[in-house]
Amino acid sequence: DEYGSNIAPQNENQRELPISPYSCAKVASTHFLQMLYRTEKFPVVILRLFLVYGPQQGNERFIPQIIKGCLNDDKFPVSHGAQLRDFCYIDDIVEAIFLSMKNEHCFGEVINIASGEAICIKEVVKTIQKLIGFGDPQFGQIPYRVEENIELYADISKANKLLNWSPKITLQDGLEETIKFETDYSA
């Protein structure tokens, strides 16, 4: 949310445009930590994680809600689903975190960590529904958030360059692993 209404794909050179107290606090923290790096050489790297998902994610999050709705074969409300988002599997996120901690060339930098691929929310919901085999999402039943950026996905070229990192887990594979965990955990 730090990027606010910036044009996608969002990159680290764009000026932050926070849209909530939460995102404003994240921007303030980023500036504070970068100031500590500049003035005290405090070894900090700011990773901007886009939509992280995977097993054991909180039930209040988007993907677990959709999985549970489908596993229960419920009718459940969702937006129209036109929003473009960028989902990255937890294992890829963890790898990027460890790489950033070992690389002094990253100190003081802001780096996007994401898949770098845009996908519409409706497609994610339909993919989960297809993988599970049931569930009845009711598209258009939830309005878009006020001032929601419809296109929020990352340019990850800086992560590629500084960390020699790119995600390895496809959305399909990550969703299958997450569904498997939820199925095994619920049993």
Side-chain angles (χ1 to χ4, degrees), residues 1-65 79 83-121 124 144-171 173-175 177-178 181:
D1 286 344
E2 297 102 301
Y3 289 115
S5 61
N6 275 307
I7 302 298
Q10 285 78 22
N11 70 69
E12 299 87 349
N13 293 323
Q14 291 172 318
R15 182 167 191 255
E16 299 98 339
L17 298 169
I19 60 171
S20 67
Y22 170 72
S23 58
C24 189
K26 288 174 76 171
V27 170
S29 297
T30 295
H31 287 250
F32 176 73
L33 291 168
Q34 286 183 308
M35 178 275 304
L36 285 177
Y37 174 73
R38 283 190 314 272
T39 61
E40 308 296 327
K41 294 300 178 210
F42 183 75
V44 63
V45 179
I46 295 94
L47 300 179
R48 288 212 174 124
L49 310 179
F50 279 63
L51 291 173
V52 181
Y53 74 98
Q56 299 187 28
Q57 187 174 27
N59 289 331
E60 75 284 356
R61 306 299 297 187
F62 171 70
I63 287 180
Q65 285 182 4
S79 71
Q83 310 96 310
L84 291 176
R85 293 295 183 262
D86 192 330
F87 293 89
C88 195
Y89 191 68
I90 186 64
D91 291 1
D92 286 327
I93 297 291
V94 170
E95 179 189 21
I97 291 169
F98 280 114
L99 287 171
S100 72
M101 291 172 21
K102 297 177 191 175
N103 186 337
E104 292 181 14
H105 299 293
C106 296
F107 293 169
E109 297 289 338
V110 173
I111 305 171
N112 288 339
I113 303 296
S115 72
E117 297 181 16
I119 185 167
C120 73
I121 291 292
V124 174
Y144 294 127
R145 291 178 289 164
V146 175
E147 307 226 7
E148 181 172 7
N149 187 342
I150 298 300
E151 296 184 3
L152 190 58
Y153 57 94
D155 172 348
I156 61 169
S157 58
K158 190 172 182 180
N160 296 150
K161 181 181 174 187
L162 287 179
L163 299 175
N164 194 28
W165 175 88
S166 60
K168 294 175 181 65
I169 311 293
T170 65
L171 182 61
D173 290 344
L175 289 174
E177 284 298 313
T178 306
F181 174 83

Looking only at heavy atoms, the pair that brings G4 and N149 closest together is O-ND2, 2.6 Å

Is there a side-chain contact between I119 and Y153 (heavy atoms, below 4.5 Å)?
no

Any heavy-atom pair between the side chains of C120 and L84 that's under 4.5 Å?
yes

In terms of side-chain heavy atoms, does D86 have a donor or acceptor partner in S115 at a distance below 3.5 Å?
yes

Is there a side-chain contact between R48 and Q10 in this structure, where contact means two heavy atoms from C-beta onward sitting under 4.5 Å apart?
no

Is there a donor-acceptor contact under 3.5 Å from the side chain of E2 to the main chain of K26?
no

Does D1 use its side chain to pair, donor to acceptor, with the backbone of I19 at less than 3.5 Å?
no

One should read off an interatomic distance between E95 CD and I113 CD1, to the nearest 0.5 angstrom, of 9.5 Å

side-chain contact (heavy atoms from CB on, under 4.5 Å) between N164 and L99: does it pass, once the steps are laid out?
CA-CA 9 Å; N164 194 28; L99 287 171; over 6 Å; no

Determine, using ring centers only, whether F87 and F50 are less than 6.0 Å apart.
no

Are Y37 and L33 packed together at the side-chain level, in the sense that at least one heavy-atom pair is separated by less than 4.5 angstrom?
no

Under 3.5 Å, side chain of D92 to main-chain N/O of I169, donor-acceptor pair present?
yes

Beyond-backbone contact of C88 with L49, side-chain heavy atoms, under 4.5 angstrom
no

Got a second to check how far N6's CG is from R15's CZ, nearest 0.5 Å?
9.5 Å

Rounded distance (nearest 0.5 Å) linking atom CD1 of I111 with atom CG of N103:
7.5 Å

About how many Å separate CD of E16 and SG of C24, when rounded to the nearest 0.5 Å?
10.0 Å

For residues V45 and F107, determine if any side-chain heavy atom of one lies less than 4.5 Å from a side-chain heavy atom of the other.
yes

Backbone N/O of W165 and side chain of N160: donor-acceptor pair under 3.5 Å
yes

Backbone N or O of R145 within a donor-acceptor pair of the E148 side chain at under 3.5 Å?
yes

Does Q83 form a side-chain contact (heavy atoms from CB on, under 4.5 Å) with Y144? I'd like the steps, not just the answer.
CA-CA 9 Å; Q83 310 96 310; Y144 294 127; 3.3 Å; yes

Take a 6.0 Å sphere around NE2 of H105 and say whether it holds more than 12 heavy atoms from other residues, nucleotides or ligands.
no

Please confirm whether R85 makes a cation-pi placement over F62, using NZ or CZ under 6.0 Å from the six-membered ring centre and within 45° of the ring normal.
no

Can you tell me how far the CG atom of L152 sits from the OG atom of S5, to the nearest 0.5 Å?
10.5 Å

Between Q57 and I90, is there a side-chain heavy-atom distance shorter than 4.5 Å?
no

Please report the closest heavy-atom contact between L163 and C106, naming both atoms and the distance.
CD2-SG, 3.2 Å

Which value, rounded to the nearest 0.5 Å, describes the distance between R61 atom CZ and Y53 atom OH?
14.0 Å

Quick check against the 3.5 Å criterion: does Q34 have a side-chain atom that pairs as donor or acceptor with the backbone of H31?
no

I'd like to know if the side chain of E12 reaches the main chain of N112, judged simply by a donor and an acceptor atom lying under 3.5 Å from each other, with no hydrogens or angles considered.
yes

Taking the side chain as every heavy atom from C-beta outward, state whether Y89 and D173 have any pair of such atoms under 4.5 Å apart.
no

